[in-house]
2 protein chains.
Amino acid sequence: MTTILPPEKISETDESYSRLHQAIMKGQLLPNERLVELDLAQKFDVGRAAVRAAIARLAQEGLVGREPNRGAWVRAISEHEAIELYEARAVLEGLAAHKAAQLANAQDIADLRAIHSKMQSCFADEDLLQISELNAQLHAKILAIANHQAVTQLIQRLKAQQVRFQYRTILVPGRARQSLEEHLAIVDAIAQHDANAAEQAMRSHIMNVTQALKKSIKNGF
Amino acid sequence: MTTILPPEKISETDESYSRLHQAIMKGQLLPNERLVELDLAQKFDVGRAAVRAAIARLAQEGLVGREPNRGAWVRAISEHEAIELYEARAVLEGLAAHKAAQLANAQDIADLRAIHSKMQSCFADEDLLQISELNAQLHAKILAIANHQAVTQLIQRLKAQQVRFQYRTILVPGRARQSLEEHLAIVDAIAQHDANAAEQAMRSHIMNVTQALKKSIKNGF
DNA sequence: ACCAACAATATTGTTAACAATTATGACAAC
DNA sequence: GTTGTCATAATTGTTAACAATATTGTTGGT
C-alpha cells in the first residue's frame, strides 16, 4: 500500500535535468539545437544554475555537447556512431538474455509470450508504430527478468543516444516479418532456459537490426 | 609538428572534475568519504559552483552518490556490483577483441606480443604489481586497435567504478600463471585474425577474473 | 542515565550581480 | 563585393550573499 508522499520536493536541478532529458528524447529539442541557459531557465521557471548543472549531467551522459565559453547543444549522433551503439547493445542485451534465460519463471515466460502474441496481431494489422512500442516492451521485460543493474543502466544510456534512429529499421522492407521471427527465437530460448541460445538469438537479432540500419543509410534514409 | 599552445585556459569546472576524478581513482578519497563543496573548493582554489558541477558529473558517472540537501560522497561499490561490472566488461571487451582481430596490423600484433613477453618476465620475477600494470596496457592496446569509440567509453566508465577491486584478483593463488596463459590465447587469436576465437578468449579470460574475485570474496579478502 | 525540545552550527540549494568571452552587425578600405 | 576593424550585444563563467535544510550540541525534565 502506498503512503501519502510528503510534497516530494524535487530540487530544481533534478527537475531541469528530467525536463531537458525528456525534451531531447521526445524530439522537442532537435539535434544541433543550442541550449541557452537563460532561455531554458525561464522556460522551466528555475534558476540558471539549475539548468547549468543539468546540462553538465547531460554532457557527461553524451546527450549534449559543450565547448568552453561557447555553450551547449543537443548532440547529433552520426550514423556511424549509431552503428557503434547498436554493436555495443548487441553484446549487452545478449548478456541480459543469457541471464534472463537462467532466471525466468513461469509468469515471466507467459508475459513474454503475451507481448510477442500482440506483436503478431499488430503485424497482421500492419501497425508498424505499435510493433515498435511492443518491441521496446519485450526488450524491457527481458532486462527486468535478467535483474542486472549494471547492464540495465548501460543499455538505458545507449538507447537514449540512439533515440533519433529508433523508428528507422522497422521501415526497411521485410524487416517487420523477420523481426517477429527473431523475437520468437529469443522468447523460445528463454522459455527453455537455454541461456546460450537466448544470448545468441538476441545478438543475431540486434546484429540484423544493425544491418537494416546500414541498408537504410545506403538508400539515403 | 606541435604548435605552441595558447595558455590552454581550462575552466574551473573541468579542473575540479579531473582533480576529483583522479583523487577518487588514486584512492586519496576513500569510499563513503563525504564531499563537502566548500572544503573541496578551498582545497582546489576554485569557486563552490565549479565543485558543485563537477560533483553532478561524477554522480551521473556513478562514481559518487548524492541525496538532496544531504550532500555527496564517494560511492562504495559493493562486491556484488563489482561482479556485475565484470560481467558487463566481459562482453564489451569481447566485442573489442573481436574487432581488434579484424583490424590488427603487423605493428599492432608485435606490440601485443611485446607486452605479453614483458608480462612473462614479470611473472618470473614474481612482480605482481607490474603484471597488473602490463595487464592494463594489454587491454588498452586491444581497445585502441579495435578503434571503437562507444565500447571504449563504456569500458572506461566501468573500470573507473571498479578501481577498488583492481588488484584483488591477481593475488588469488595460481591466478597469475593462468592469467598469463589466457592473455596468450587472446593475443594468438588476434594475431591469426580469428575474430570469434579472440572474442571467446577474452570473454572466458574476464569470466575467470570474475570467478577469482568471487573466490577472494568467499575467503574474506 | 535517558529522552525531548530547542538552539546553534554546518552544509546544501538558490539567487542575483558582475566579469570574461564569443557572436553579431555596422562601417570603412580596398 | 569582399575583407577587416571596431563597437555592440548575447552568452557563458565566476563570485558572493542569502535561504532552506539537515546535523549536532545543549539544556531541562524525568
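Both backbone and side-chain heavy atoms feed into the values below; hydrogens, waters and symmetry mates do not. Note on naming: letters A, B, ... go to the chains in the order of the sequence lines (proteins, then strands), and numbering restarts at 1 for each one.
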Rounded to whole Å, please give me the gap between CD1 in B/Ile55 and C1' in C/dT11. 11 Å
Check whether any side-chain heavy atom of A/Val74 lies under 4.5 Å from a side-chain heavy atom of A/Leu63, and answer yes or no. no
Figure out the CD/P separation between A/Gln42 and C/dA16, and round it to whole Å. 11 Å
Counting side-chain heavy atoms from CB outward, which of C/dT15, D/dT15, C/dT12 is closest to B/Glu12? D/dT15
Between the side chains of A/Asp127 and A/Lys118, is the shortest nitrogen-to-carboxylate-oxygen separation below 4.0 Å, so that they form an ion pair? no
Looking only at side-chain atoms of A/Ala49, point me to the closest of C/dG13, D/dT15, C/dT15. C/dT15
Think B/Arg48 has a side-chain N or O under 4.0 angstrom from the OP1 or OP2 of C/dT12? no
Are there any protein N/O atoms within less than 3.5 Å of an N/O atom in nucleotides 23-25 of chain C, and if so, which ones and at what distance?
{"from": "C/dA23", "atom 1": "OP1", "to": "A/Arg70", "atom 2": "NE", "distance (Å)": "2.4"}
{"from": "C/dA23", "atom 1": "OP1", "to": "A/Arg70", "atom 2": "NH2", "distance (Å)": "2.9"}

Can you tell me how far P of C/dT12 sits from CG of A/Asp14, to the nearest Å? 15 Å
For A/Glu33 and D/dT11, give me the distance from atom CD to atom P, rounded to whole Å. 13 Å
Taking the basic N atoms (NZ, or NE/NH1/NH2) and the acidic carboxylate oxygens, is any pair closer than 4.0 Å for B/Glu182 and B/Arg175? yes
Atom-pair distance (CD on A/Glu67; P on D/dG13), nearest Å: 11 Å
Please determine if A/Glu81 and A/Arg75 form a salt bridge, counting it only when a charged side-chain N lies under 4.0 Å from a carboxylate O. yes
A/Phe44 atom CZ is separated from C/dT14 atom P, nearest whole Å, by 15 Å
Using 4.0 Å as the upper bound for N to carboxylate O, is an ion pair formed by A/Arg19 and A/Glu15? yes
Tell me the interatomic distance from A/Arg52, atom CZ, to C/dT14, atom P, rounded to whole angstroms. 16 Å
Output yes when B/Arg203 and A/Glu199 qualify as a salt bridge under the 4.0 Å nitrogen-oxygen rule, no when they do not. yes
Contact class for A/Leu35 (heavy atom, under 4.0 Å): base, sugar-phosphate, or nothing? sugar-phosphate
C/dG13 phosphate, OP1 or OP2: any side-chain N/O from B/Arg66 under 4.0 angstrom? yes
Check the side chains of A/His139 and A/His183 for a donor-acceptor pair under 3.5 angstrom, ignoring hydrogens and angles. yes
Distance check needed: C/dT15 P versus A/Leu38 CG, whole Å only. 13 Å
